[in-house]
Chemist: 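Below are the structure tokens for one structure; questions will follow.
Start at 1 with the first residue, then count along the sequence.
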Amino acid sequence: MVNDTHVKTTKRSMPLSIPAAEDNEFKEAKCQKSIFFGITCVSMNSPEKTPKMVHIISKKSVSFIGQNLAAKIDEQLFSKYGFKVEQLMELAGLASAQAIAAHYPKSKVAVLCGPGNNGGDGFVCARHLQQFGFNPSIVYPKESRNELMKSLVIQCETSSIPVQPTLPTDLQSFPLIVDALFGFSFKPPAREPFIEILKTVRASGIHVFSIDIPSGWDVENGPPSEASEDVIHPHAVISLTLPKMCMKSWTGPHFLGGRFVPRGLVEEHGLEMPVYPGFEQIVKVED
């Protein structure tokens, strides 16, 4: 979960990105570029595959934070600044869904949700993905007794989003998996009932989009090893609030969301926050 300034824009001040061509499942239609008010716009042959253009920032322009600081920021948001968990989940899940919609065509999506706050972000993300035209199904292997999580389950079930404890038997028919199993409070190793799910997802070869932390990763040091079978090796990631230390060497598609952090908190911890253009809720982080 999210924890886990007005920008003066001038001509050419907003670098924009479109997703690179992927495997056959994700190849984008050929596009033509046109210039409109100094901003590069992209028109695609198929409106179903039109990517949302996302503002690019340098990874050098934002802070990368460790597990302890991420927990401290969360604690202060609740205790000092009056935020509620459900507020941050809604913002995190919406930003995650926006990043997915910006990077992938509409399709079936399996959303893996853990019992904690990261799983709550996944439930919210699934609900928004449905609003964006995707067809989400939720995998929820370990139910939480938390009343908020119970409410999130009801929200999805009453929106005709399937919620089940195991991976779909037709998993290979899903072009995309969203990983919302473990958040920044996770410490390896993974345990059942998650190990078998992680191994199956790894072996499937399906693209995985991770929310905040790829499940199974150490928040400070990243994946235990490239050969590990019970950790997620994602295709793309969205960091929430700020990127965690494990993302410093990440070179794949990397989004960042969490446009709500109070200025006092930013100043107290000397944080370098992203500059979001206009009213956007996400940016893309590149070298």
Chemist: Measuring from atom CD of Gln98 to atom CD1 of Ile238, what distance do you get when rounded to the nearest 0.5 angstrom?
Modeler: 8.0 Å
Chemist: Could you measure the distance from the CD1 atom of Ile56 to the CZ atom of Phe255? Nearest 0.5 Å is fine.
Modeler: 9.5 Å
Chemist: Are any side-chain N or O atoms of Ser215 and backbone N or O atoms of Phe182, one a donor and one an acceptor, separated by less than 3.5 Å?
Modeler: yes
Chemist: How long is the span from the CE atom in Met247 to the CG atom in Asp212, to the nearest 0.5 Å?
Modeler: 9.0 Å
Chemist: Taking all atoms of both residues into account, what is the closest heavy-atom pair of Pro274 and Val283, and its distance?
Modeler: CB-CG2, 4.0 Å
Chemist: I would like to know whether Ser107 and Asn135 meet side chain to side chain contact (heavy atoms under 4.5 Å, CB included); could you show each step before the answer?
Modeler: CA-CA 6 Å; Ser107 67; Asn135 183 15; over 6 Å; no
Chemist: So, does Tyr81 use its side chain to make a donor-acceptor pair with the main chain of Leu265 at under 3.5 Å?
Modeler: yes
Chemist: Any side-chain heavy atom of Val139 sitting closer than 4.5 Å to one from Pro168?
Modeler: yes
Chemist: Is the side chain of Glu280 donor-acceptor paired with the backbone N or O of Pro277 at a distance under 3.5 Å, no angle test?
Modeler: no
Chemist: Atom NE2 in His233, atom OG in Ser210: separation rounded to 0.5 Å?
Modeler: 10.5 Å
Chemist: Under the side chain to side chain contact (heavy atoms under 4.5 Å, CB included) criterion, do Lys84 and Met89 qualify, and how do the steps go?
Modeler: CA-CA 9 Å; Lys84 302 294 184 184; Met89 279 186 182; over 6 Å; no
Chemist: Could you tell me whether the side chain of Trp217 and the main chain of Ile232 form a donor-acceptor pair under 3.5 Å?
Modeler: yes
Chemist: Can a donor-acceptor pair be found, under 3.5 Å and without considering hydrogens, that links the side chain of Asp170 to the backbone of Ser173?
Modeler: no
Chemist: Are side-chain heavy atoms of Pro253 and Val237 found at a separation under 4.5 Å?
Modeler: no
Chemist: Indicate if Met245 and Trp250 have the same hydrophobic cluster label, given that clusters are the connected sets of ILVMFWY residues with side-chain heavy-atom separations under 4.5 angstrom.
Modeler: yes
Chemist: For a quick test of reading the model, state the closest non-hydrogen atom pair linking Leu256 to Pro243 and the distance between them.
Modeler: CD1-CD, 3.9 Å
Chemist: Side-chain donor-acceptor contacts of residues 62-72 below 3.5 Å, not counting sequence neighbours, with atom names and distances?
Modeler:
residue : atom : partner : partner atom : Å
Ser63   : OG   : Glu272  : N            : 2.7
Gln67   : NE2  : Phe184  : O            : 2.7
Gln67   : NE2  : Phe186  : O            : 3.3

Chemist: Does Lys80 pair with Glu268 as a salt bridge, N-O distance under 4.0 Å?
Modeler: yes
Chemist: Give a yes or no on whether the backbone of Cys246 and the side-chain of Asn221 come within a donor-acceptor separation of less than 3.5 Å.
Modeler: no
Chemist: Treating Ile, Leu, Val, Met, Phe, Trp and Tyr as nodes and any side-chain heavy-atom pair under 4.5 angstrom as an edge, say whether Ile154 and Val124 lie in one connected cluster.
Modeler: no
Chemist: Looking at Phe134, I'd like to know if the NZ or CZ of Lys106 sits under 6.0 Å from its six-membered ring centre while staying within 45 degrees of the ring's axis.
Modeler: no
Chemist: What pairs with Ser159 under side-chain hydrogen bond (donor to acceptor under 3.5 Å, both in side chains), at least two apart in sequence or on another chain?
Modeler: none
Chemist: If only atom types and distance count, is the side chain of Lys248 paired as donor or acceptor with the main-chain N or O of Lys244 below 3.5 Å?
Modeler: no
Chemist: At their closest point, which heavy atom of Ser204 faces which heavy atom of Leu171, and how far apart are they?
Modeler: CB-CD2, 4.3 Å
Chemist: Taking NZ in Lys142 as the centre, count heavy atoms belonging to other residues, nucleotides or ligands within less than 6.0 Å. Is the count above 12?
Modeler: no
Chemist: Working to the nearest 0.5 angstrom, can you tell me the gap between Phe123 CZ and Glu90 CD?
Modeler: 13.5 Å
Chemist: Using a strict cut-off of less than 4.0 Å between a Lys/Arg side-chain nitrogen and an Asp/Glu carboxylate oxygen, indicate whether Asp230 and Lys199 qualify as a salt bridge.
Modeler: no
Chemist: Show your working on side chain to side chain contact (heavy atoms under 4.5 Å, CB included) between Leu198 and Glu229 and close with a plain yes or no.
Modeler: CA-CA 7 Å; Leu198 292 170; Glu229 297 180 348; over 6 Å; no
Chemist: Taking the ring centre of each residue, are Phe174 and His207 less than 6.0 Å apart?
Modeler: no
Chemist: Is Val54 linked to Ile57 within one hydrophobic cluster, defined over Ile, Leu, Val, Met, Phe, Trp and Tyr using a side-chain heavy-atom separation of less than 4.5 Å?
Modeler: yes
Chemist: Over all heavy atoms of both residues, which pair between Gly122 and Val111 is shortest? Give the atoms and the distance, please.
Modeler: O-CG1, 3.5 Å
Chemist: Under the side chain to side chain contact (heavy atoms under 4.5 Å, CB included) rule, what do Arg127 and Gln155 come out as? Steps first, then yes or no, please.
Modeler: CA-CA 8 Å; Arg127 177 161 45 79; Gln155 289 172 18; 3.1 Å; yes
Chemist: Within a strict 4.5 Å, meaning less than it, do heavy atoms of the Ser185 and Val219 side chains meet?
Modeler: no
Chemist: Just verifying a value: how many Å separate Leu129 CG and Lys108 NZ, rounded to the nearest 0.5 Å?
Modeler: 15.0 Å
Chemist: For residues Cys113 and Tyr140, report the shortest heavy-atom separation together with the two atoms involved.
Modeler: O-CD1, 3.4 Å
Chemist: Please report the closest heavy-atom contact between Ser96 and Leu240, naming both atoms and the distance.
Modeler: OG-CD2, 4.3 Å
Chemist: Should Phe209 and Phe132 be regarded as members of a common hydrophobic cluster, given that ILVMFWY residues are connected when their side-chain heavy atoms come within less than 4.5 Å of each other, either directly or indirectly?
Modeler: yes
Chemist: Is the shortest side-chain heavy-atom distance between Cys125 and Ile100 below 4.5 Å?
Modeler: yes
